[in-house]
Amino acid sequence: MTQYQEKAKITRFEQLSENIVRLTLYSPDIAAATKPGQFVMIKAGKGKDPLLRRPFSVHQTTSDGHLQILFKVVGRGTDMLARRKEGEEISVFGPLGKGYKIEKSKPACLVGGGLGIAPLLLLAKSISRMKMDTSKDVIILGGRSADEIKALVKDFKQFGIKVLVATDDGSLGHHGFVTDVMKNTRLADDSVVYTCGPEMMMMAVKNICAIKGLQCQVSIESVMACGMGACLGCTKHTKDNRYVHVCLDGPVFNAEDLKWNL
Amino acid sequence: MTQYQEKAKITRFEQLSENIVRLTLYSPDIAAATKPGQFVMIKAGKGKDPLLRRPFSVHQTTSDGHLQILFKVVGRGTDMLARRKEGEEISVFGPLGKGYKIEKSKPACLVGGGLGIAPLLLLAKSISRMKMDTSKDVIILGGRSADEIKALVKDFKQFGIKVLVATDDGSLGHHGFVTDVMKNTRLADDSVVYTCGPEMMMMAVKNICAIKGLQCQVSIESVMACGMGACLGCTKHTKDNRYVHVCLDGPVFNAEDLKWNL
Amino acid sequence: MEFVRNGDEIFPDLRVNIGSLELKNPVMTASGTFGYAREFENLMNLHRLGAVIVKGISLAPRSGNPPPRIVETACGMLNAIGLQNVGVERFIKEKMVYLQGLQIPVIVNILGDSIDEYQEITERLSGVKGIAAIEVNISCPNVKKGGVAFGTQAHMAKAVTEAVKMKSSVPVMVKLSPNVTDIAEMARAVEDGGADSVSLINTLIGMAIDLESRRPKLANVIGGLSGPAIKPVALRMVYQVAKAVSIPVIGIGGIDSTEDALEFMLAGASAVQIGTANFINPRVSEDIVEGMHRYVIDHNLSSIRELIGALEVK
Amino acid sequence: MEFVRNGDEIFPDLRVNIGSLELKNPVMTASGTFGYAREFENLMNLHRLGAVIVKGISLAPRSGNPPPRIVETACGMLNAIGLQNVGVERFIKEKMVYLQGLQIPVIVNILGDSIDEYQEITERLSGVKGIAAIEVNISCPNVKKGGVAFGTQAHMAKAVTEAVKMKSSVPVMVKLSPNVTDIAEMARAVEDGGADSVSLINTLIGMAIDLESRRPKLANVIGGLSGPAIKPVALRMVYQVAKAVSIPVIGIGGIDSTEDALEFMLAGASAVQIGTANFINPRVSEDIVEGMHRYVIDHNLSSIRELIGALEVK
Ligand SMILES: Cc1cc2nc3c(=O)[nH]c(=O)nc-3n(C[C@H](O)[C@H](O)[C@H](O)COP(=O)(O)OP(=O)(O)OC[C@H]3O[C@@H](n4cnc5c(N)ncnc54)[C@H](O)[C@@H]3O)c2cc1C
Ligand SMILES: Cc1cc2nc3c(=O)[nH]c(=O)nc-3n(C[C@H](O)[C@H](O)[C@H](O)COP(=O)(O)OP(=O)(O)OC[C@H]3O[C@@H](n4cnc5c(N)ncnc54)[C@H](O)[C@@H]3O)c2cc1C
Ligand SMILES: Cc1cc2nc3c(=O)[nH]c(=O)nc-3n(C[C@H](O)[C@H](O)[C@H](O)COP(=O)(O)O)c2cc1C
Ligand SMILES: Cc1cc2nc3c(=O)[nH]c(=O)nc-3n(C[C@H](O)[C@H](O)[C@H](O)COP(=O)(O)O)c2cc1C
Ligand code: FES
Ligand code: FES
C-alpha cells in the first residue's frame with residue numbers, strides 16, 4: 001500500500017449541523033489510493049499547538065481527485081479545522097490502516113451511529129460497485145436527531161441500497177437506537193455486519209452479531225501520534241490480552257478479536 | 001493611570017499595503033484613557049503558541065470608543081493578527097507606558113519612519129487640539145515607497161499641520177531619508193522633536209537634535225512579556241549604564257537619557 | 001454543603017491550609033510574575049487572591065542582567081531577569097505599605113548568595129507587619145560553592161532551610177528547583193530542615209539561539225523556562241513530592257486555567273501559584289478563583305480540599 | 001566552495017564525522033519515532049538521511065505498557081510506550097534485511113534492565129552486517145538497583161558504557177537522560193567509560209491528569225515529554241555537554257526545522273536527531289537536509305561543519 005503526503009485545497013466546506021462539518025479536499029493521490037475504512041492524518045492548524053495531526057476516516061472519494069472527511073467539533077483540533085475556509089490548503093497524509101474487508105458474495109449490513117457514519121459512505125459506494133446483487137443489503141444509520149443525519153441519509157440513498165434510520169429523539173425514522181432497528185431487521189444468516197460508531201453502540205452491535213452468529217467488522221478509535229506504525233502509541237487489547245495497533249492492524253477489526261470493556 | 005482589559009471587536013480591517021494592516025477596535029475604556037505614545041498589549045491568536053501578547057502603539061482613538069493600531073507583519077504574531085476578520089473579538093489591555101510629553105508652548109516637529117508613524121497620528125491630533133498655534137509645527141513622514149505611506153499621509157493632513165514626506169525610492173515626496181528633510185527644514189530654536197521609527201533613524205534624528213540643540217523625545221521598542229512592569233524583562237541601558245524599563249519608564253524617553261549603541 | 005462567610009457574599013468553601021497559614025482560596029501569584037502586586041490593581045480585584053507572593057528580594061538591591069532578558073519559546077518563555085530587585089530595605093519602606101493595605105496574605109520570596117545572606121534577610125523581615133510567610137528561593141547559585149545552586153544539593157537545601165527557620169517569625173515555604181535528578185530527595189531534605197511547606201517548580205534551565213547572529217538570544221546565555229510547556233514536568237514533580245513528604249505542597253508551573261490548577265491539586269498540591277499566565281491574562285488568578293468557585297458548586301463538593309491528592313492511581 | 005559527489009548529483013558539503021563514523025549529512029531520525037524506517041518509505045526518500053536510528057531493542061521482546069500510551073501537551077507530547085519492541089533476535093531476522101538494503105548507516109538503539117543485558121545484546125548485534133553504530137539508551141531503570149535509571153547516576157552510566165564498549169565491534173553512542181542535576185557530569189562519565197559520542201536529550205519525565213475522571217491520562221502514570229516544548233532545555237544541555245567533553249555530541253529535542261537543527265549545531269552538536277516531528281511531517285528529515293543544503297549555499301559556507309560550536313558567546 002502506498003501513502004502520500006499532500007497539500008490539499010479545501011474545495012468545499014459544508015456545515016451539516018451546528019457542530020458537524022464536511023470538508024471536500026482536492027487530494028488526488030490519496031483519493032485514488034483509499035479503500036473503505038481507511039483514514040488520513042490531518043494537521044488542523046499551522047502552529048505547534050495543537051502539535052499532533054488528527055485522524056479522520058475517509059468519508060468519500062471521487063474519481064476526479066476529491067476526498068471528503070466528515071467530522072464533529074469535539075476539541076481544539078476539530079474546532080480549528082472547522083474554521084478553515086474554502087480555498088485554503090491543509091496538509092494531509094494517507095491512506096492509512098486496514099479498512100473493511102468487503103465480502104462480495106455475502107449480504108452486507110452497514111450500521112453507523114453518529115460520526116461513525118463517516119467511513120460507511122465510501123464503503124456503501126464500494127459495495128454497490130463491487131457486488132452483483134445488493135438487494136439483500138441494508139444500511140442502518142443512527143443519530144441524535146434529524147438535524148444530525150438528514151443530509152447524510154440522502155447521500156446514502158444514491159446507491160440503491162435499502163437505508164433505515166433511527167434517531168434518539170424520533171425526529172427521523174425509528175425513535176430509538178440503531179440496534180433496535182438491527183434487531184428488528186431480518187438479516188440473512190451469512191450477512192456480514194460492518195459497523196462504526198460510539199463504543200457503546202459497537203459493543204451492542206457486536207453482541208447482536210454474536211447471538212445471530214454473524215461476522216462483524218468494527219472500526220475503532222484510539223489516540224494517535226503518527227497514524228503509521230512509527231510511535232506504537234495507539235494500542236488496544238485483544239480478547240486474549242495481546243496488543244494490536246489501531247493504525248496498522250486496524251482501524252477495522254473483527255469485533256470478536258478485541259477485548260470490550262466498558 | 002487606570003488600565004483596562006477588554007474584549008475588543010474588530011470594527012474595521014484595512015490592508016494599507018501588502019504587509020501593513022490597520023485595525024480599528026471597539027475598545028471604549030482603553031480608547032478614552034489613552035494618551036499619545038502609549039501602547040496596548042494584544043493577544044494575536046487564541047492558542048498557547050505564540051504564548052505572549054504583542055505590544056502595539058495606539059495609532060488613533062475616537063470619542064465614540066474606537067482605537068486603532070497600525071502594524072506590519074514581521075512574524076507569527078503579526079501574521080495571525082493580520083488574518084483576523086472584522087467582527088471577531090481580540091483581547092486588549094492598556095493603555096500602558098508613558099507617552100509623549102506635549103510641550104504646548106513650543107513648536108513641534110514630529111518625525112516618523114516606517115511603522116514608527118503609528119503613534120504619531122494620535123500625537124498629531126492631540127497637538128492640534130491642545131496647542132493654540134500650530135503654524136510653526138511640522139510633521140515629517142518617511143517610508144520605503146509611496147505604497148507604504150500614501151494612505152497615512154492623507155490622514156495626517158486633516159490636522160492642518162504642515163506635512164513633509166520622504167521615501168527611499170522617491171515615489172512620494174523627497175527621494176531619501178526623513179533626516180534629510182529634517183536637516184533642510186528650518187526649525188525654531190525651541191522646537192521639540194517627537195520621533196518614532198527604526199533605531200537607526202531615531203539615532204540620526206537624535207544626533208541632528210543634539211547639534212541643533214533641540215529637545216528630542218523618542219519612542220523605543222523592546223521585547224516584552226507583560227507590558228506593565230511585572231516581569232522586568234524589557235530593560236534598556238541608560239546613558240549612564242543604569243537600566244530603565246521600556247514598558248514603565250517609556251516607551252517614550254528623552255533621547256539623550258538613553259545609551260545608543262548600534 | 002458548607003459555606004464560608006466572606007464579607008457580604010457567601011462562598012462555597014475554597015479555604016486551604018498551608019500548615020498554620022490559612023488561605024481563603026488556593027490561588028497565589030508566583031514570585032517574579034506579579035511585581036509587587038500594585039501593578040495589577042487596575043486589572044483585577046487583588047482581594048480575591050488566596051495570597052500574593054512578591055518578586056524575590058535580596059539583602060542589597062540588584063540591578064539584574066543586561067538585555068535581552070526574555071525570549072518566547074514554543075508554548076513557553078525563557079527569562080534571565082537576573083533577580084533584579086530593590087533590596088530588603090527599600091522593599092520594606094516602599095512596597096510593604098501598599099501590601100499591608102491589602103486584605104490578603106503577603107508572602108515574601110527571598111534569595112541570597114550565601115546562607116548568611118538568607119539568614120540576614122529573614123532577620124530583617126522578621127517582625128515586619130503584614131508578612132504572612134517567607135518563600136525561600138533556593139534556585140540561586142551558592143557563591144561560596146562555586147555557583148552551584150543551593151537547590152540542587154540536598155545538604156545545601158537543608159542548610160538554607162534551617163538557617164531561615166531559625167530566624168523566621170512566620171511560616172517558611174521552600175521553593176524547589178526542578179533541575180535535579182531526584183526532586184523528592186530535595187523535598188525531604190528541606191522537610192528535615194524544618195520547612196513548613198514546599199512550593200514547586202521554579203523554572204527549568206533552558207537556552208535559545210539566534211541563528212542569524214549566531215548568538216544566544218539572552219544576554220545571560222541561559223535562562224529559566226516557564227509557561228504551559230513545562231506543565232507536564234511540574235505536575236509529575238508535584239505528584240512525586242506530595243508522596244514523599246508530609247508537609248503541604250504548593251504546585252507551580254504552566255497553570256493558566258482552573259482545570260490546570262485543579263489537576264495540580266489532584267496530584268497532591270494544597271494550593272497553586274500562577275506565574276507566566278499573569279502576563280497573558282492579568283486577571284487570570286481571579287478567573288481561576290471564580291472557576292474553582294463554580295467547580296465546587298457544580299460538583300457538589302463540601303470543600304475544595306476534597307480534591308487535594310484525590311488522584312486515583314490504580 | 002567545496003563539493004562532494006553523491007551519486008549523480010553534486011551537493012554542497014554536508015558531511016559530518018561522529019568519531020570514526022562519517023555521515024553524508026547531520027540528520028538522523030531519533031529512536032522510537034521512526035519505527036524501523038520502512039514505515040516511512042512511501043512518504044520520503046530514506047536515502048537522503050544521514051543515518052537512521054531504529055526503535056530501542058531489548059534482549060527479549062517486550063509488549064510495552066497498556067493504553068493510553070500517548071497524550072498531547074502544550075507544544076509537546078507525553079509517551080509511555082514502555083519500550084515495546086520485537087527483541088534482538090526478531091529484529092535481526094525480520095527488520096535488518098530491509099535496513100541492510102538501504103544505502104544509509106543504520107544505528108541500533110539498545111536498552112536493558114541490567115548491565116549484563118546491555119552487554120548480551122551488544123554481543124548479539126556484533127558482526128551483524130549493516131549496523132554502523134550502537135546507541136545506548138541509558139534512561140532505563142536498573143532493575144538490580146531498585147529501578148533507578150542507569151542514566152541518572154554517573155557511575156552506572158559509566159559502567160553500562162564500559163560494558164557495551166567491551167563487546168561492540170562498532171562505534172558506541174550513549175544517549176543521555178535529561179532528568180539529572182548535572183548533564184555535563186553524566187557526559188564526562190560516559191566519555192570516561194569509552195563512549196565514542198553522546199546523544200541528548202532523551203525525554204523529560206512528565207505527567208498529565210484527566211480532571212473529569214481524576215485519573216492520570218497515561219496508564220503508566222508518568223511518561224516522556226518530547227517535542228518543541230522541550231527544545232530550550234535540550235539546547236542548553238547540548239551547549240553544556242559540548243563544552244564538557246571532547247567526543248562528538250548529537251543534539252536531540254524538539255527539532256522540527258532546518259533552523260532548529262542548525263541552532264543545535266551552533267550549540268556544539270556535530271549532528272542532530274529528529275524525533276516527534278516525524279509524526280507531524282513524515283518527510284521533515286528530508287526537508288531539513290534540503291534546508292541545510294540551501295543554507296550552506298546561501299551562506300557561502302565551505303562545509304556545514306563550520307557551524308559546529310560556532311555560537312558566539314561574549
Ligand atoms: C482511525 C480514526 C478515524 C476517525 N475518524 C473520524 C471521523 O471520520 N470523524 C470524526 O469526527 N472523528 C473521527 N475520529 C476521531 C477524531 O480523530 C477526534 O475527534 C479528533 O482527533 C479530536 O481532536 P480535537 O483536537 O478536536 O480534540 P481534543 O482537544 O484532542 O480532545 C477533545 C476530546 O475528544 C477526545 N478525543 C480526542 N482524540 C480522540 C480520538 N482519536 N478518539 C476518540 N476521542 C478522542 C478527547 O479525549 C477529549 O475528550 C477518528 C479517530 C480515529 C482514530
Ligand atoms: C511599545 C511598543 C510599541 C510598538 N508599536 C508597534 C506598532 O505600532 N506597529 C508595529 O507594527 N509594531 C509595533 N511594535 C513592534 C511589535 O510589537 C512587533 O513587531 C511584534 O511584537 C512582532 O510580533 P511577531 O509575533 O509578528 O514577531 P516575532 O515572530 O515575535 O518576531 C519576528 C521578528 O520581529 C522581531 N521582533 C519581535 N518583537 C519585537 C519588538 N517588540 N520590537 C522589535 N522587534 C521585534 C523579532 O526579533 C524577530 O526578528 C511595538 C513594540 C513596542 C515594544
Ligand atoms: C519573568 C519571571 C521572573 C521570575 N522571578 C522569580 C523570582 O524572583 N523568584 C522565584 O522564586 N521565582 C521566580 N520566577 C519563577 C516563577 O515564580 C515560577 O516558579 C515559574 O515561572 C513557573 O511557573 P509558571 O510556568 O506558571 O510561570 C520567575 C518567573 C518568571 C517568568
Ligand atoms: C513515541 C516515542 C518513543 C520513543 N522511544 C524511544 C526509544 O525506544 N529509545 C530511545 O532512546 N528514545 C526513545 N524516544 C525518545 C526520542 O528518541 C527523543 O530522544 C525524544 O523524543 C526527544 O526528541 P524530540 O523532541 O525530537 O521528539 C522516544 C520518543 C517518542 C516520542
Ligand atoms: S498512531 Fe503511531 S503507531 Fe499507531
Ligand atoms: S514588559 Fe514586563 S516589565 Fe516591561
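The model shown is predicted, which means the values in this text are computed figures rather than measured ones. These values consider heavy atoms only, across backbone and side chains, with no hydrogens, waters or symmetry-generated copies. Here is the naming used below: chain letters follow the sequence lines, and residue numbers restart at 1 for every chain.
Interface summary for chain D: among A:H245, A:H237, A:M224, the most heavy-atom pairs under 4.5 angstrom belong to A:H245. Among A:P50, A:A225, A:G227, the residue with the largest count of heavy-atom pairs under 4.5 Å with chain D is A:A225. The candidate with the highest count of non-hydrogen atom pairs below 4.5 Å against chain A, out of D:T73, D:D256, D:N79, is D:D256. Of the listed residues (D:G64, D:G227, D:P66, D:A277), the greatest number of heavy-atom pairs within a distance under 4.5 Å of chain A belongs to D:P66. Considering only heavy-atom pairs separated by less than 4.5 Å from chain D, the leading option among A:L232, A:D49, A:V223, A:T2 is A:L232. Each of D:G35, D:A80, D:P68 has some count of heavy-atom pairs under 4.5 Å with chain A, and the biggest count is that of D:G35. Per-residue heavy-atom pair counts under 4.5 Å with chain A were compared for D:G82, D:S63, D:A37, and the maximum is reached by D:S63.
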Test side-chain hydrogen bond (donor to acceptor under 3.5 Å, both in side chains) applied to A:D64 and A:T62, step by step: CA-CA 5 Å; A:D64 62 350; A:T62 63; 2.3 Å; yes
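In this structure, the portion of A:Y243 lying under 4.5 Å from any heavy atom of chain D is its side chain and not its backbone. Using a 4.5 Å cut-off between heavy atoms, D:F40 touches chain A through backbone and side chain atoms alike. Contact of D:T276 with chain A is made through the side chain alone, with heavy-atom distances under 4.5 Å. For A:M41, no part lies near chain D; criterion is any non-hydrogen pair under 4.5 Å. Both the backbone and the side chain of A:K48 come within less than 4.5 Å of a heavy atom of chain D. With a 4.5 angstrom heavy-atom cutoff, D:N65 touches chain A only via backbone atoms.
Shown here is D:K217, whose NZ atom has more than 12 heavy atoms of other residues, nucleotides or ligands within 6.0 Å. Atom CD of A:Q15 sits in a crowded spot, with more than 12 heavy atoms from other residues, nucleotides or ligands closer than 6.0 Å. By the neighbour-count criterion of 12 heavy atoms within 6.0 Å, atom NZ of A:K259 is densely surrounded, having more than that number from other residues, nucleotides or ligands.
Checked by atom type and distance alone, the side chain of A:Y100 pairs as donor or acceptor with a backbone atom of A:T195 at under 3.5 Å.
Salt bridge D:R62/D:D113: present, at least one basic N to carboxylate O contact under 4.0 Å. Under the 4.0 Å criterion applied to side-chain N and carboxylate O atoms, D:E94 and D:R38 are not assigned as salt-bridge partners.
Residue D:G112 comes nearest to D:C140 through the heavy atom pair O-CB, 3.6 Å, listed as atom of the first residue, atom of the second, then distance.
Checking each of D:V136, D:V108, D:L111, D:I110 against D:I121 for a side chain to side chain contact (heavy atoms under 4.5 Å, CB included) leaves exactly one that passes, namely D:I110.
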